[in-house]
Amino acid sequence: MKNNKWNLWKTARLPLLLSLLLSLFTCKTTDLEIIENIDLNQLADTVNKFSDLADKTEQQEMDFGNEVAQILLTDSRILNNDELQLYVNSVGQWLVQNSERPNLTWRFIVLDDKSFNAFAAPGGYIFITAGTLLRLNSEAELAGVLAHEMSHVLKRHYLKALQKQTKLDLASDIGILAYQLNSARKEDYSSETEDNIELAEKVSAAVDDLYTNGLAREDEENADSMAVIITARAGYDPYAYIAVIQKIASEKPDSTAWLSFMQRHPPASDRLTTLEPLMDKVFAEAENYQTVTARYQKSIR
Amino acid sequence: MKYLLILITCSLLLITSLQAGQLASTVIEADLKASPSIKSKTLKILETDTPVNIVERQGGWYRVETAPPLQGWLKMLWLRYSLTGSEQGGFSLLTQGTGSVTVATGVRGLSEEELEKGQGDPFAINTLDRFIVSPEQARAFAKAEGLKQTQLPYVETK
């Protein structure tokens, strides 16, 4: 059995292995453990190399995320309330401890904005508006929203969508993405060839497009079901997340932005329907979970 | 009045409660239960689109009031909230507002206007390290409210 697996490893080409490893990236830790179980000394070197590459890619992902986060902040201001920022980071970091990527440098950022909104950037940047915090009732609901956004990072949804749109290869080109984005933002093409200018603008346009139109339906549904699980792992009432989606479903459609957005996305009502089998299957008897309403109310006022 | 807005201006406190009085309606023909359990007695069968008033939540169940004055329990997922406008109130430090822009999907995208408005501070992103909470701090934070970790795998529902 061991030999068969070793042969598989040996015959597979390095890029293939690498992309396999990267595609399994969300479970990086566990995957590497599995590999280590199979491997003996011969494989150790290879694994270390992969591991280094994975770390390098992770760093690139964070660099890229930093660029994207800066673009997102060209409009929005960070809420000037340190206590509240720390509170949201505490909830977020507790969720991180219950996720598959605790080693990313996660940042949870409250924006000075009244709308009902939250989004993420690759590498661990999670944004939530102050308006969202005002609409929520409990820490468990906040945890649900943060966990949903975290899921996009855990599964690299934004990164994969950008990769698809720009036709760049994830394994080798995240660094290029970040660099191009930086150039596009600064309109600093002095040392660039025309090809690179084109690429930079393509990446920049893809980012705009993605954050305007949102992610694919299945990414959203995936993030919904992951959010419920992560929330529950951390000890929060998973049904609080259902209440959040019910709130989203009840928001009045009062702008053209909302309309164009909704044309491309599943209504919140459908998201509830999609979550129903999961809730029935895993949380039919949801006990010993906390809602943490008092601390939340105290913290956001 | 979709929300019961309780304003208590007592010293410096401003408390807004959204818990009580949320209006909703059933999305399927639903059994109004005597207690929050599928096995409990059915008090009444409610038609699709029956309006109810949510009183409280317990796990996956809402205690609701419906006409004629009758209280009982419905599963959360049998209900959808009635449409509401955006909520007022806020942090004293909240200075910006997008006003007309309400990306009602919450949990995802930005509007075109927002991306083009450009009044923020992009470099502020690199000043956030002081808000990073350590794993130890996070564990203490969770423990303070009795949050217990459980092992739970993701579930494929499709």
Side-chain angles (χ1 to χ4, degrees), chain A residues 69-70 73-81 85-86 89-90 93-94 97 107 112-119 130 134-135 137 145 148 208 211-212 214 225-226 229 232-235 239 242 246 248-255 257-258 261 265 269 272 276-279 282 286 290 292 295, chain B residues 14-15 18-19 57 59-60 76-77 80-85 87 89-91 93-98 100-115 117-125 128 131-133 135 137-139 141-142 145-150 152 154-155 157:
Chain A
Q70 290 186 39
L73 280 179
T74 50
D75 158 63
S76 301
R77 224 173 276 156
I78 294 168
L79 189 76
N80 184 16
N81 184 334
Q85 299 283 1
L86 263 174
N89 271 277
S90 302
Q93 189 55 240
W94 175 236
Q97 296 308 308
R107 288 179 174 83
D112 187 354
D113 186 323
K114 282 179 185 166
S115 66
F116 194 165
N117 208 352
F119 43 91
L134 290 169
R135 285 169 174 86
N137 291 321
V145 174
H148 175 106
D208 277 1
Y211 282 89
T212 305
S225 61
M226 285 174 72
I229 298 290
R233 281 180 189 167
Y239 281 98
I242 303 295
Q246 281 180 326
I248 292 169
S250 73
E251 282 280 312
K252 202 176 269 170
D254 61 357
S255 77
W258 189 91
F261 202 88
H265 289 90
S269 188
L272 289 170
E276 196 166 355
L278 168 69
M279 301 312 287
V282 187
Q290 309 291 325
V292 196
R295 178 162 73 179
Chain B
L14 177 74
I15 299 164
L18 306 173
Q19 288 284 33
R57 179 170 74 83
M76 286 182 92
L77 289 159
R80 297 294 181 267
Y81 291 179
S82 308
L83 289 190
T84 57
E87 190 60 23
F91 310 100
L93 291 166
L94 187 69
T95 58
Q96 254 189 346
T98 51
S100 62
V101 183
T102 305
V103 182
T105 45
V107 269
R108 59 198 188 196
L110 282 174
S111 72
E112 199 112 33
E113 297 112 88
E114 280 178 296
L115 280 174
K117 224 166 51 178
Q119 292 169 345
D121 179 7
F123 301 107
I125 199 74
L128 294 172
F131 300 133
I132 292 176
V133 170
Q137 287 171 317
R139 275 190 281 275
F141 175 84
E145 291 286 335
L147 292 165
K148 289 202 184 69
Q149 248 172 327
T150 42
L152 214 54
Y154 294 124
V155 178
T157 45

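Numbered from 1 within each chain, the chains take letters A, B, ... in sequence-line order.
Looking at A/Met226, the atoms closer than 4.5 Å to chain B (heavy atoms on both sides) sit in the backbone and in the side chain alike. Using a 4.5 Å cut-off between heavy atoms, A/Ile78 contacts chain B through its side chain alone, with no backbone atom that close. Residue contact with chain A, scored on non-hydrogen atoms closer than 4.5 Å, involves the backbone and the side chain of B/Gln149 alike. Contact annotation for A/Ala232: both backbone and side-chain heavy atoms come within less than 4.5 Å of a heavy atom of chain B.
Interface remark: of the candidates B/Gly146, B/Gly60, B/Pro135, B/Gly60 forms the most heavy-atom pairs closer than 4.5 Å to chain A. Note: A/Arg233 leads A/Gln97, A/Glu276, A/Arg233 in heavy-atom pairs under 4.5 Å with chain B.
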>> Applying side-chain contact (heavy atoms from CB on, under 4.5 Å) to B/Glu145 and A/Arg295, what does each step give before you reach the verdict?
In response: CA-CA 8 Å; B/Glu145 291 286 335; A/Arg295 178 162 73 179; 3.2 Å; yes
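When all heavy atoms of B/Val133 and A/Gln93 are compared, the closest pair comes out as O-CG, 3.2 Å. Minimum interatomic distance between A/Ile229 and B/Leu152 (heavy atoms only, all atoms of both residues): CG2-O, 3.6 Å. Closest heavy-atom contact between A/Ser269 and B/Arg80: OG-NE, 2.9 Å. Minimum interatomic distance between B/Ala138 and A/Ser90 (heavy atoms only, all atoms of both residues): CB-O, 4.3 Å. Residues A/Tyr239 and B/Gly59 come closest through the heavy atom pair CB-O, 3.4 Å.
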